[in-house]
2 protein chains.
Amino acid sequence: MSDLEAISLKLEARGHRVTPSRRAVIAAILQQSEHFTVDDLLSYQGAGRATVFRTIRLLTEIGVVCRVLMEDASLHYRVSERGKHHHHVVCSDCGRVQDLDQCVIADVMRELSSATGFEIEGHWLELYGKCSQCRSRSRAVLAG
Amino acid sequence: MSDLEAISLKLEARGHRVTPSRRAVIAAILQQSEHFTVDDLLSYQGAGRATVFRTIRLLTEIGVVCRVLMEDASLHYRVSERGKHHHHVVCSDCGRVQDLDQCVIADVMRELSSATGFEIEGHWLELYGKCSQCRSRSRAVLAG
DNA sequence: CGTCTCGGTGAGACTAAGTATCACTTGGAG
DNA sequence: CTCCAAGTGATACTTAGTCTCACCGAGACG
Ligand SMILES: [Zn+2]
Ligand SMILES: [Zn+2]
Ligand SMILES: [Zn+2]
Ligand SMILES: [Zn+2]
């Protein structure tokens, strides 16, 4: 089963129609690498502006894509293999993204709940750094 | 020394002028409670739109205000008593904000650096929940 | 078969949160 | 006092998205 089919089924399962426009948006998304903006999708044609936004929102809601907050505070999207809550490390050099398997701060949050008096219910966490490839590349450059 | 004076000194120390417009923006900021948007400041008059934005950016850069990413992804600002890196817990009911003393995920990040191969250099973390007051209020309602 | 309905669509207007431009003003060093 | 870089503000522009509304079309119903 192709990715497009799998996503189509997921949509249908929730009572959404799989229209040509939506198929076009999904196809465009599947061609992106790492992460993309809605603007990247708009260049692909096949669905109007409003529909692209609506489709992205829909896909976000059903967990097919996830949102990535970049260091410059702009919002990108990314195909999510894991449907559930997770976090990313974004390479600030090449943009490569690594999904983290599970929520890395579940323990910390539990501690904080008792320390602050807040009942902590949600959080937003993004991590930024340099991936191993970019690090070895810059080491090579330094070494001449 | 008033807060306004303290901030003025901080600006001057970094080679920025303390102009009437900036004073007006700072005064407006000091009147806000918890957190605010740039729009909240615009209603105060005393500086043009562009200047309000420029001043907020400046104050963010020198650590006088910090940015708070709300659950709806909108960006708010908040006077920062601690100049250094820290995080917040935002009450999703009443909007109250609690600053966390130090970075709560420093340990987690260290672990991740070795686990992922990324050299993690930065992060963005916001926490959302219900403050103790809002929790006891809702308990009271439930109890009738 | 007709036709009704309702989810979906697209053009385009609108909004929110800023940034860019550029002529003008002004604080303060010399 | 003079001068100029820093700062200002009106306004145009941008980015990322939502809203509106007439229209389309697939399927349920008769
Ligand atoms: Zn990289
Ligand atoms: Zn998490
Ligand atoms: Zn509260
Ligand atoms: Zn931190």
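Chain identifiers are assigned alphabetically (A, B, ...) following the order of the sequence lines, protein sequences preceding nucleic acid strands; residue numbering begins at 1 within each chain.
Close to C:dG7, at under 4.0 Å from its OP1 or OP2, lies no side-chain N or O of A:H16. Considering only side-chain N and O atoms, B:S21 lies under 4.0 angstrom from the phosphate OP1 or OP2 of D:dG9. Taking only side-chain nitrogens and oxygens, B:T19 never comes nearer than 4.0 Å to OP1 or OP2 of D:dG7.
Residue contacts shown for B:R22 are limited to sugar-phosphate atoms, with no base heavy atom under 4.0 Å away. As judged by a 4.0 angstrom heavy-atom cut-off over every strand, B:Y77 is placed among residues touching the sugar-phosphate backbone only.
A donor-acceptor contact under 3.5 angstrom links the side-chain atoms of A:R54 to the base of C:dG10.
Residue order along DNA chain C, read from the 5' end via each residue's closest nucleotide, puts A:L58 first among A:R49 and A:L58.
Distance from the side chain of B:R57 is smallest to C:dT19 among C:dA11, D:dG17, C:dT19. Candidate nucleotides D:dT8, D:dG17, C:dA17 were compared by shortest atom distance to the side chain of B:T51, and D:dT8 ranks first.
Using modelled atom types, one finds no donor on one side chain facing an acceptor on the other under 3.5 Å when comparing B:H88 with B:Q98.
Nucleotide D:dG7 holds its P atom 6 Å from the CZ atom of B:R17, rounded to whole Å. A straight line from CG of A:L75 to C1' of C:dG18 spans 16 Å, rounded to a whole angstrom. When the P atom of D:dG7 is taken as reference, atom CG of B:L59 falls 12 Å away, rounded to whole Å.
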Which is it for A:D39 and A:T37 under the side-chain hydrogen bond (donor to acceptor under 3.5 Å, both in side chains) test, yes or no, and what are the steps along the way?
CA-CA 5 Å; A:D39 220 56; A:T37 60; 5.4 Å; no
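Taking the six-membered ring for Trp and the full ring otherwise, A:H123 and A:H87 have centroids separated by under 6.0 Å.
Under the 4.5 Å side-chain heavy-atom criterion for ILVMFWY residues, no single connected hydrophobic cluster contains both B:L125 and A:V97.
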